[in-house]
Amino acid sequence: MVQSEKIERGLMRKYIGFLRISSIVIKILAWIFLCLGTLTGVLVFYKPLPGYSWVSGAVVLGIYGFISFLLFLLGALASVTVKIIDKIEEKTE
């Protein structure tokens with residue numbers, strides 16, 4: 001094994017814990033964001049506020065849904081990256 005391969009594997013192993021924790025935190029954040037967005041959108045739908053129409057509720061639901069989907073996708077990407085790194089290390093050992 002070449003010295004540069006050992007260094008690369010060491011760097012992958014160094015940040016694996018950070019990736020695992022950040023994946024979990026980002027997924028939790030996505031769910032919280034989705035719940036808050038759904039609550040806000042539903043409140044605008046069922047209890048109209050002065051100056052806001054039902055369209056505002058739909059826009060809020062769409063925006064919060066989109067952002068939470070992107071956050072969850074980012075967390076899933078980090079999780080898959082951790083699994084790939086683990087598989088690579090299993091193969092090389």
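No hydrogens, no waters, no symmetry mates; every other heavy atom, side chains included, goes into these values.
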Problem set entry | From Arg20 atom CZ to Asp86 atom CG, the distance as rounded to the nearest 0.5 Å | 5.0 Å
Exercise. Is there a chain of hydrophobic side chains (I, L, V, M, F, W, Y, each step under 4.5 Å between heavy atoms) that links Val59 to Phe33?
Worked result: yes
For this session: Measure the spacing between OG of Ser23 and CD1 of Ile28 and express it to the nearest 0.5 Å.
Result: 9.5 Å
Problem set entry | Value rounded to 0.5 Å, distance of CD1 in Ile26 from CG in Leu77 | 9.5 Å
For this session: Treat each ILVMFWY residue as a node, draw an edge where side-chain heavy atoms are under 4.5 Å apart, and state whether Val55 and Val44 are in one component.
Result: no
Check residues 62-74 and write down every donor-acceptor pair under 3.5 Å in which the side-chain atom is one partner and the other belongs to a residue at least two apart or another chain.
unit_1	atom_1	unit_2	atom_2	d
Ser68	OG	Tyr64	O	3.0
Ser68	OG	Gly65	O	3.0

Exercise. Do Leu34 and Val60 share a hydrophobic cluster (ILVMFWY, side-chain heavy atoms under 4.5 Å, transitive)?
Worked result: no
For this session: Any chance you could measure Thr38, atom OG1, to Leu43, atom CG, to the nearest 0.5 Å?
Result: 10.5 Å
Exercise. Between CG of Leu39 and CG of Leu61, what distance do you get to the nearest 0.5 Å?
Worked result: 10.0 Å
